[in-house]
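Taking it in order: structure first as structure tokens, then the write-up.
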Amino acid sequence: QVQLVESGGGLVQAGGSLRLSCAASGRTISTNVMGWFRQAPGKEREFVAAINRSGGSTYYADSVKGRFTISRDNAKNTVYLQMNSLKPEDTASYYCAVRLGAVLTSAPSDYSYWGQGTQVTVSS
């Protein structure tokens, strides 16, 4: 089994930055595609970014492209999401997830294991 724990969320002003971390335990995630998703109240879970096993390929939602960066440190069994130029519409609970397939995809149903989420609130 694998456990995922997100951290780094908080309250930030528009234009500010946050760095989210997703620490995995129980087994290595070095062979897995990893994704970040977010969910705001009243909305469906939304794809944010994904990264392949080596970190050499990334995939971003249009809404965050150019502002967010996904990365990983397989030696630490951790995935990161650097969020810059934050906007109030980025306010949501952010979740990391494990995909068992090798292709970077955006559908939540393609991901098998999920963390508990960390809240990001961006004030105007």
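Worth saying up front: this structure is predicted, and the values here are computed from it rather than measured.
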Quick one: CG on Leu86 to OG1 on Thr91, what's the gap to the nearest 0.5 Å?
8.5 Å

Output the distance between atom CD (Glu89) and atom OG (Ser63), rounded to the nearest 0.5 Å.
9.0 Å

Spatial distance of atom CD1 (Ile70) from atom OH (Tyr59) [nearest 0.5 Å]
12.5 Å

With a 4.5 Å limit on heavy-atom distance, are the side chains of Val79 and Cys96 in contact?
no

Ring centres of Phe37 and Tyr111 under 6.0 Å apart?
yes

When you check the side-chain N and O atoms of Gln3 and Ser25, is any donor under 3.5 Å from an acceptor?
yes

Closest approach of Ala40 and Ala92, non-hydrogen atoms and distance?
N-CB, 3.9 Å

Side-chain heavy atoms nearer than 4.5 Å, only ILVMFWY residues, links allowed to pass through others: does that put Val48 and Val98 together?
yes

How long is the straight-line distance from CD1 of Ile51 back to OG of Ser57, given to the nearest 0.5 Å?
8.5 Å

For the side chain of Thr118 and the backbone of Ser7, is there at least one donor-acceptor N/O pair under 3.5 Å apart?
no

Going by atom types only, do Arg27 and Asn32 share a side-chain donor-acceptor pair under 3.5 Å?
yes

Is a side-chain donor-acceptor pair under 3.5 Å present for Gln39 with Ser93?
no

Could you walk me through whether Arg99 and Thr105 satisfy the side-chain contact (heavy atoms from CB on, under 4.5 Å) test, starting with their C-alpha distance in whole Å, then the side-chain angles of each, then the deciding distance to 0.1 Å, before giving a yes or no?
CA-CA 9 Å; Arg99 172 160 161 75; Thr105 63; 3.5 Å; yes

Between Thr78 and Ser21, what is the shortest heavy-atom contact and its length?
CG2-CB, 4.4 Å

I would like to know whether Arg19 and Tyr80 meet side-chain contact (heavy atoms from CB on, under 4.5 Å); could you show each step before the answer?
CA-CA 7 Å; Arg19 188 194 193 206; Tyr80 305 97; 3.5 Å; yes

Under 3.5 Å: donor-acceptor pair, side chain of Tyr94, backbone of Gly8:
no

Please name the pair of heavy atoms, one in Gly101 and one in Val33, separated by the smallest distance, quoted to 0.1 Å.
O-CG2, 3.5 Å

Hey, any chance Leu18 and Leu11 share a hydrophobic cluster, counting ILVMFWY side chains that come within less than 4.5 Å of each other, even indirectly?
no

Determine whether Cys22 and Leu4 make a side-chain contact, defined as any pair of heavy atoms from C-beta on separated by less than 4.5 Å.
yes

Where Val2 and Ala24 come nearest, the two heavy atoms and their spacing
CG2-CB, 4.2 Å

For Ser17 and Asn84, which I'm curious about, is there any donor-acceptor pair between the side chains at under 3.5 Å?
yes

Rounded to the nearest 0.5 angstrom, the CE-CG distance for Met34 and Asn74 is 9.5 Å

Testing Lys87, Arg38, Met83 one by one against Val64 for a side chain to side chain contact (heavy atoms under 4.5 Å, CB included), which residue passes?
Arg38

What distance do Asp110 atom CG and Phe47 atom CZ have between them, rounded to the nearest 0.5 Å?
10.5 Å

Is a donor on one side and an acceptor on the other found under 3.5 Å between the side chain of Glu6 and the backbone of Leu20?
no

Do Val12 and Trp36 share a hydrophobic cluster (ILVMFWY, side-chain heavy atoms under 4.5 Å, transitive)?
yes

On a heavy-atom basis, which atom in Arg53 and which in Ala102 lie closest, and how many Å separate them?
NH2-CB, 4.5 Å

Within 45 degrees of the ring normal and closer than 6.0 Å to the centroid, is that where the cationic atom of Arg45 sits relative to Tyr95?
yes

Please answer: with hydrophobic residues joined when any side-chain heavy atoms are less than 4.5 Å apart, are Tyr113 and Leu81 in the same cluster?
yes

